[in-house]
Amino acid sequence: MTTGSSRDISTPIFAAIFAAIGALVIWDTTTYTDADSYVFPRTIASVMIALSVLLAIQWGLGWARASENGVSQKPISQSILRRLALVFAMIAAALLMPFLGFLATGMLTFAVILLAAMYDPWTPYRLIVYPISGAVIVVGFYLLFSKVLKVPLPEGTWAF
Amino acid sequence: MAAVENLLAAMSPLNFLLALGGVIAGTVIGSLPGLTATMAVAVLVPITFSMEPASALILMGAIYTGAIYGGAYSAILLNTPGTPSAIATTFDGYPMAKDGDGDLAVTLACIASVVGGLVGATFLLILAPPLASVALAFGPVEYFWLAIFGLSLIAALSEGNLIKALMGGCLGLLLSAIGVAEVSADIRLTFGSQVLVGGIETVSALIGLYCVPVLIDLVATPDKHLKVSTQSKGLRLREALEISWRGKFNLVRSSIIGTLVGILPGAGGSIAGLVAYSEARRSSRNQERFGKGAPEGIQATESANNATVGGGFIPTLVLGIPGTPPDAVILGALLVQGVKVGPNLFTSEGSIVYTFIWGLFLATILMLPTGLIIGRYAYRSIIAIPKALLVPTVAFMTLIGTYSIRNSTSDVVIMVILGTLGWILGRFGFSASPIVLGLILGSIAEQGFVQAWTIGAATEDLPGMFFGRPISLAIIAMIVISLFGPSLVRLFTRAISKEKTP
């Protein structure tokens with residue numbers, strides 16, 4: 001059994017989310033024409049709903065502490081902006097690629113993520129070496145994939 | 001004759017260079033704290049898509065084996081495991097380094113890794129072909145149960161809550177069903193989105209689930225500015241060889257443990273290292289030295305974690321069920337190349353498999369000189385790479401690698417979103433490995449399930465189809481044991497100890 005302070009509220013929330021996903025999948029399978037298409041996802045979704053109920057019961061009976069549930073005890077607030085910057089930069093890179101071209105997008109993304117990951121003060125050495133290193137890395141991989149491995153990387157409609 | 005041909009093919013100049021380059025790249029990436037062997041394989045795997053399958057496998061195997069070994073450097077010299085596989089290496093490696101024997105510990109780790117790698121590859125060469133013959137007797141329903149067995153094992157071996165791990169496996173299976181159904185061409189689980197019609201590309205999903213969470217955590221913390229404090233005294237190869245010879249039984253036993261753990265789906269080098277370490281300590285005459293700088297501890301951990309490479313390839317190549325997380329990525333890469341992994345691979349594509357196995361031997365042997373040289377001369381420079389350059393480099397590699405698989409920006413977006421969701425789920429106790437395994441095994445499981453369902457429905461014997469065949473029953477028994485065995489043993493032990501207590 002567990003004490004109230006060590007109980008996490010995330011577990012029942014995730015149990016509900018997973019059960020909802022399972023229900024959504026089952027609802028989606030009602031539109032399929034062939035039994036071969038729905039029998040597997042419907043079965044797995046049913047199992048997932050059953051497991052979600054089990055997880056909620058386990059939590060309700062207090063059989064597992066937060067730590068036993070694998071819930072991270074580290075604070076999430078630390079550097080949340082840097083994390084968001086990384087994720088948004090990567091998504092933006094994918095969306096901008098067709099317009100700016102791979103090389104320009106790569107340079108831009110590298111610069112944004114470099115800034116997000118930069119904790120040290122900018123010294124003259126870093127101001128010169130980091131951008132040059134970034135450019136060498138981006139151009140190097142661009143040449144490897146486009147010229148050696150013959151991957152058709154986007155040229156970009158706004159490329160100049 | 002075929003064996004000689006495959007050996008010569010593995011030794012071709014191109015494959016030799018790939019093995020050498022792979023070991024170096026893997027060792028460098030693995031030696032950086034925070035970057036795992038799985039990540040090393042995942043970010044470099046797109047380079048292999050334009051290669052012949054055997055060469056691609058050799059490169060991926062070399063990266064994998066190098067990365068597992070690379071984790072030992074920082075474990076020994078910085079008390080920070082470069083990869084999770086090297087966790088137990090810190091127990092005795094760092095105390096040795098503090099006593100001024102860091103160079104000796106690194107050389108011992110290198111020798112042990114090579115021995116472990118060679119033992120694992122030997123088991124792969126000896127065990128995989130007969131197991132493939134046995135696996136030929138498996139029908140669709142057995143493959144379905146085998147996929148479920150893989151998921152149950154990974155759930156049981158995952159840290160944290162078993163139910164959450166099983167839910168993660170289900171989520172992975174459902175993710176694999178997104179897109180156009182293979183048999184009936186129904187469009188499934190896209191909810192009107194054109195982006196999802198093509199399904200979730202497995203390798204890009206793996207890159208996302210394994211790399212993006214690591215990047216999200218790396219970017220959130222300042223550089224540790226790690227510095228190696230011990231003074232270099234040279235390779236001390238002769239001394240290390242003498243110690244290794246004295247500990248040969250420990251090396252072989254730990255390598256066998258590593259191979260066996262590697263065969264279990266989902267159990268990787270970290271578990272192998274810890275199991276081998278505790279076994280080495282249990283059977284040692286100098287138990288009190290463990291944790292204070294015992295060379296046997298390093299030998300046990302490093303031989304075991306590198307033996308998982310060969311061991312993990314056994315279920316990967318024979319059954320299409322990845323033995324370790326990096327194997328999942330390699331399996332995904334083979335699917336991209338159109339190589340159908342499974343028991344037939346050993347007969348239909350025998351030259352690919354055997355060339356790769358010999359290539360793995362070659363890469364493991366090459367690890368001795370490259371590992372020693374990198375450890376002696378380059379490691380101090382590697383850990384000096386600032387995080388501000390490391391994070392954008394890895395992020396850029398995930399972007400270009402994912403795009404190159406299907407030349408699709410949608411795949412890149414899906415990769416980042418899946419990775420972010422993986423990070424969120426990870427914080428709340430849903431680890432990535434069951435989701436990944438579900439995604440990988442989804443097609444095998446669905447194919448087997450649907451075929452068995454169809455036959456069962458036609459013969460009006462669904463229960464008999466799923467639960468009436470001897471091999472299926474044996475696999476179901478293993479699933480039950482893997483899921484409930486540990487709990488039953490715990491209950492039994494508790495009951496006995498209660499009885500003994502007056």
Side-chain angles (χ1 to χ4, degrees), chain A residues 10-11 14 18 21 25 28 32-34 36-37 39-41 43-45 47-48 51-52 54-55 58 64 68-72 76 78-79 82-83 86-87 90-91 93-95 97-98 102 106 109-110 113-114 116-120 130 133-134 137-138 141-142 144-145 149-153, chain B residues 46-47 49-50 158-161 163-164 166-167 170-171 173-174 177 181 183-184 186 188-189 191 212 215-216 218-223 386-393 395-400 403-404 407 409-410 412-413 416-417 420 425-431 445-446 449-450 453-454:
Chain A
S10 64
T11 296
F14 274 95
F18 273 75
I21 293 171
V25 169
D28 193 67
Y32 307 162
T33 53
D34 200 317
D36 286 355
S37 300
V39 66
F40 183 74
T43 308
I44 299 301
V47 173
M48 198 158 88
L51 288 168
S52 305
L54 262 180
L55 185 67
Q58 188 192 45
E68 287 164 3
N69 273 326
V71 178
S72 174
I76 200 167
Q78 188 191 23
S79 299
R82 291 176 193 267
R83 288 178 160 132
L86 172 85
V87 172
M90 290 177 81
I91 291 177
L95 299 176
M97 253 181 236
F102 197 90
T109 311
F110 196 101
I113 299 175
L114 190 154
M118 189 72 186
Y119 284 84
D120 298 320
Y130 285 15
S133 306
I137 290 164
V138 171
F141 274 102
Y142 176 79
L144 173 70
F145 276 81
L149 303 173
K150 306 286 181 201
V151 175
L153 296 173
Chain B
I47 294 172
F49 292 149
S50 58
S158 293
E159 279 180 24
N161 192 308
I163 299 174
K164 283 186 176 179
L166 290 171
M167 287 163 72
C170 288
L171 185 66
L173 289 172
L174 291 175
V183 181
S184 59
D186 270 314
R188 303 188 298 186
L189 306 174
F191 304 102
V212 173
L215 288 173
I216 292 175
L218 275 179
V219 81
T221 48
D223 232 337
K387 199 182 264 185
L389 284 177
L390 188 65
V391 173
T393 303
F396 180 71
M397 285 167 79
T398 64
L399 292 174
I400 196 167
Y403 179 84
S404 68
N407 303 332
T409 50
S410 303
V412 180
V413 175
V416 181
I417 290 173
T420 310
L425 287 173
R427 283 195 66 90
F428 292 101
F430 296 88
S431 68
E446 177 164 11
F449 186 85
V450 171
W453 180 278
T454 310

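Each chain gets a letter, A, B and so on, in the order its sequence line appears, and its residues count up from 1. The figures that follow rest on heavy atoms only: side chains count, while hydrogens, waters and symmetry mates do not.
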For the student: nearest non-hydrogen atoms of [X] and [Y], plus distance:
| X | Y | value |
| --- | --- | --- |
| A:Ser37 | B:Asp186 | OG-OD2, 2.9 Å |
| B:Pro46 | A:Phe145 | CB-CE2, 4.0 Å |
| A:Met48 | B:Leu171 | SD-N, 3.8 Å |
| A:Ala45 | B:Leu174 | N-CD2, 4.2 Å |

Point-to-point distance, once rounded to the nearest 0.5 Å, from [atom1] of [X] to [atom2] of [Y]:
| X | Y | atom1 | atom2 | answer |
| --- | --- | --- | --- | --- |
| A:Ile113 | B:Leu215 | CD1 | CG | 7.5 Å |
| A:Asp28 | B:Leu189 | CG | CG | 5.0 Å |
| B:Leu399 | A:Met90 | CG | CE | 4.5 Å |
| A:Phe14 | B:Leu425 | CZ | CG | 5.5 Å |
| A:Phe141 | B:Met397 | CZ | CE | 4.0 Å |
| A:Ser79 | B:Ile216 | OG | CD1 | 12.5 Å |

Which atoms of [X] are under 4.5 Å from chain A, going by heavy atoms: the side chain, the backbone, both sets, or neither?
| X | result |
| --- | --- |
| B:Thr398 | side chain |
| B:Ser50 | side chain |
| B:Leu390 | neither |
| B:Ser404 | both |
| B:Leu218 | neither |
| B:Thr420 | side chain |

Residues passing the ring pair (Phe, Tyr, Trp, His ring centres under 6.0 Å) test with A:Phe102, sequence neighbours excluded, are B:Phe396

Is there a donor-acceptor pair closer than 3.5 Å between any side-chain N or O of A:Arg83 and the backbone N or O of B:Ala220?
no

If you define the side chain from C-beta out and look only at heavy atoms, does anything of [X] sit under 4.5 Å from [Y]?
| X | Y | value |
| --- | --- | --- |
| B:Glu446 | A:Pro41 | yes |
| B:Leu389 | A:Phe110 | yes |
| A:Thr11 | B:Lys164 | yes |
| B:Pro386 | A:Tyr130 | yes |

For A:Leu95, give me all partners under side-chain contact (heavy atoms from CB on, under 4.5 Å), at least two apart in sequence or on another chain.
A:Ile91, B:Val413

Chain A: which of B:Val219, B:Val412, B:Ile47 shares the most heavy-atom pairs with it under 4.5 Å?
B:Val219

I need the residue from B:Ile400, B:Val416, B:Val212 with the largest number of non-hydrogen atom pairs under 4.5 Å to chain A.
B:Ile400

Side chain from CB out, backbone as N, CA, C, O: work out which of these in [X] comes under 4.5 Å of a heavy atom of chain B, or both, or neither.
| X | result |
| --- | --- |
| A:Met97 | side chain |
| A:Leu153 | both |
| A:Thr109 | side chain |
| A:Ala116 | both |
| A:Thr43 | side chain |

Chain B: which of [options] shares the most heavy-atom pairs with it under 4.5 Å?
| options | result |
| --- | --- |
| A:Asp34, A:Val151, A:Ile21, A:Leu51 | A:Leu51 |
| A:Ser52, A:Ala93, A:Gly134 | A:Ser52 |
| A:Ile137, A:Val47, A:Leu144 | A:Ile137 |

Could you go step by step and tell me if B:Phe430 and A:Phe18 meet the ring pair (Phe, Tyr, Trp, His ring centres under 6.0 Å) rule?
CA-CA 11 Å; B:Phe430 296 88; A:Phe18 273 75; 4.9 Å; yes

